[in-house]
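Worksheet: one structure, shown below.
Throughout, protein chains are lettered first and strands after them, A, B, ... in sequence-line order, and every chain is numbered starting at 1. Since this is a predicted model, take the numbers as computed values, not measurements.
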2 protein chains.
Amino acid sequence: MAQTGGAEKTGSRAIMREETERAILDAAEVVFAEKGFGGATMQAIADSCGLPKANLHYYFASKEKLYRRVVERIFTIWLEAADSFDTELSPEAALRSYIARKMQLSREHRYGSKVWANEVMHGAPIIQDYLETTLRSWTETRVAVIRRWIAEEQVRPVDPRWLLYMIWATTQHYADFAHQIETLNHGPLDDSQWASATETVCDIILRGIGIRPDADRPA
Amino acid sequence: MAQTGGAEKTGSRAIMREETERAILDAAEVVFAEKGFGGATMQAIADSCGLPKANLHYYFASKEKLYRRVVERIFTIWLEAADSFDTELSPEAALRSYIARKMQLSREHRYGSKVWANEVMHGAPIIQDYLETTLRSWTETRVAVIRRWIAEEQVRPVDPRWLLYMIWATTQHYADFAHQIETLNHGPLDDSQWASATETVCDIILRGIGIRPDADRPA
DNA sequence: CGGCACCTTGACTGGTTGGTCAGGTCTGCT
DNA sequence: AGCAGACCTGACCAACCAGTCAAGGTGCCG
């Protein structure tokens with residue numbers, strides 16, 4: 001009864017450990033997103049996943065190390081989401097796919113997005129190195145792709161950075177400011193609202209950079 | 001020597017009080033923005049404006065009351081920034097002016113924007129009433145204006161809410177994510193970069209909703 | 001079955017924080 | 001000048017928090 005700790009008792013030692021770590025990370029993601037790093041307490045995270053506080057410190061040496069793992073997890077998902085950006089060939093397909101994917105992630109990983117936003121807003125004290133290495137090189141790659149599109153006159157000449165920031169800002173807004181959006185909407189967005197928002201964001205941005213959607217609906 | 005507290009000793013009692021309150025609010029805005037509500041300490045705010053901590057509690061009964069005043073101040077600036085939205089006549093002039101003003105505010109009130117973002121991200125525990133009353137009615141007014149533009153076929157038919165969210169998200173991104181932007185930019189944006197970003201944001205959004213900038217530069 | 005490594009946990013601690021308060025200082029008014 | 005009330009502040013406290021620890025439980029391997 002003491003050992004269970006909410007997880008299955010089947011599975012090898014290593015798997016059990018992974019499951020417990022993931023349960024802690026999931027709980028921590030929500031608590032950090034809702035309270036911020038300073039406002040979150042190890043006790044609240046422990047309660048949220050049904051473990052005694054001392055047990056958290058067995059798996060994660062300190063609050064900061066736990067927090068770092070949470071932020072790293074989001075960052076990885078963020079980066080993987082960009083694959084479609086450069087596997088597609090046309091600017092329209094690439095951007096439409098990337099924006100739609102980011103909107104989907106805002107819906108499915110609201111708390112992760114909030115933790116990331118929090119961390120960056122506070123000056124990225126924990127993951128500054130990621131900004132300077134991984135994010136910077138990722139961005140430079142995509143900027144180069146957009147510049148190529150512009151050179152090929154497939155896209156109206158705009159500074160690629162402002163375009164990327166616009167995509168990041170708009171898509172992540174639906175996660176970070178979900179509470180505001182839901183207050184104005186008298187409740188969570190339903191499936192059709194998410195689809196409508198995604199389509200509108202895609203259309204405005206694509207038209208905005210000079211790509212006319214080829215499927216113009218007749219009035 | 002004891003009474004001065006960093007403020008001028010000239011001026012009436014009421015003016016001195018206002019000046020001290022504003023100094024505290026200014027310091028609190030920065031500290032809350034950088035550390036979050038939970039991470040900020042009254043001691044840090046006191047140190048930042050050169051007052052003993054006990055003095056803060058003379059002017060603001062509690063940390064939460066001080067925080068509320070900070071958020072209220074930003075919110076008021078936010079709302080006033082929207083005047084141009086409905087004093088201008090054409091959609092192009094109105095939106096261009098509104099977006100440019102919001103970009104300017106992101107540059108001048110970075111910390112205020114961050115505090116607001118923080119508050120909303122954490123579920124608006126302190127200012128939920130503002131979202132439900134002032135912000136809601138403000139939004140409904142602007143939505144009605146945009147709907148009229150659409151009915152008059154001055155603007156392509158898009159859900160006005162997704163358009164507003166896009167404007168809010170994109171402009172505020174330059175304040176809330178300033179650290180990320182500056183890391184990628186190897187330093188703060190200069191005047192010409194701010195102008196370029198503002199222009200690009202305006203152009204993409206206006207073109208995106210079917211307004212062709214009338215001053216198309218010849219290639 | 002015996003021993004060892006891994007896991008769990010209640011109780012504890014050193015340090016920090018928001019908030020209080022008594023006593024002092026200064027200002028404006030009469 | 002003298003006083004009342006506004007203003008200032010060092011010292012203090014109860015509450016809370018991250019992190020520790022030692023004692024005990026559990027599964028695995030020989």
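- Judged by distance alone, the side chain of A/S48 and the main-chain N or O of A/A44 form no donor-acceptor pair under 3.5 Å.
- Between the P atom of C/dG19 and the CD1 atom of B/I45 lies a distance of 11 Å, rounded to the nearest Å.
- Taking the charged nitrogens against the carboxylate oxygens, A/E80 and A/K102 have no contact shorter than 4.0 Å, which rules out a salt bridge.
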Could you run down the sub-3.5 Å N/O contacts of the protein with nucleotides 16-20 of chain D?
residue	atom	partner	partner atom	Å
D/dA18	OP1	A/A40	O	3.2
D/dA18	OP1	A/M42	N	3.4
D/dA18	OP1	A/K63	NZ	3.3
D/dA18	OP2	A/M42	N	3.1
D/dA18	N7	A/K53	NZ	2.9
D/dG19	OP2	A/H57	NE2	3.4
D/dG19	OP2	A/K63	N	2.6
D/dG19	N7	A/K53	NZ	3.0
D/dG19	O6	A/K53	NZ	2.7

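- Look at OH on A/Y59: it is 9 Å from C1' on C/dT8, rounded to the nearest Å.
- As rounded to whole Å, 16 Å separates atom C1' of D/dA6 from atom CD of B/E18.
- Atoms CD (A/E21) and C1' (C/dC7) sit 13 Å apart, rounded to a whole Å.
- Here B/E29 does not pair with B/K114 in a salt bridge; the nearest charged N to carboxylate O distance is not below 4.0 Å.
- Axis angle across the helix from C/dC1-D/dG30 to C/dT30-D/dA1, with five pairs used at each end and values rounded to 10°: 10°.
- To the nearest angstrom, C1' of C/dT17 lies 14 Å from CG of B/L56.
- Taking atom CE of B/M16 as the reference point, atom P of C/dG28 lies 8 Å away to the nearest angstrom.
- A close approach under 4.0 Å does not occur between any side-chain nitrogen or oxygen of A/R17 and OP1 or OP2 of C/dC6.
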Side chain to side chain donor-acceptor pair (under 3.5 Å) between B/Q128 and A/H179, intermediate numbers included | CA-CA 10 Å; B/Q128 177 64 25; A/H179 179 80; 2.5 Å; yes
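- Regarding B/I15, its CD1 atom lies at a distance of 13 Å from the P atom of D/dC7, rounded to whole Å.
- Among the atoms of the strands shown, none is found under 4.0 Å from any heavy atom of A/F60.
- Using the six-membered ring where Trp is involved, A/F32 and A/F37 have ring planes that are parallel, under 30° apart on the 30 and 60° scheme.
- Put simply, CD1 on A/I24 is 12 Å from P on C/dC7, counting in whole angstrom units.
- The aromatic ring centroids of A/W78 and A/F75 lie 6.0 Å or more from each other.
- Phosphate proximity of D/dA6 to B/Y58: absent, as no side-chain N or O sits under 4.0 Å from OP1 or OP2.
- Of the charged side-chain nitrogens involved, at least one lies within less than 4.0 Å of a carboxylate oxygen, so that B/E21 and B/R69 count as a salt-bridged pair.
- In this structure, B/R136 does not pair ionically with B/D129, as no charged nitrogen and carboxylate oxygen lie closer than 4.0 Å.
- A/T198 places a side-chain N or O within 3.5 Å of a backbone atom of A/W194 that can act as its donor or acceptor partner.
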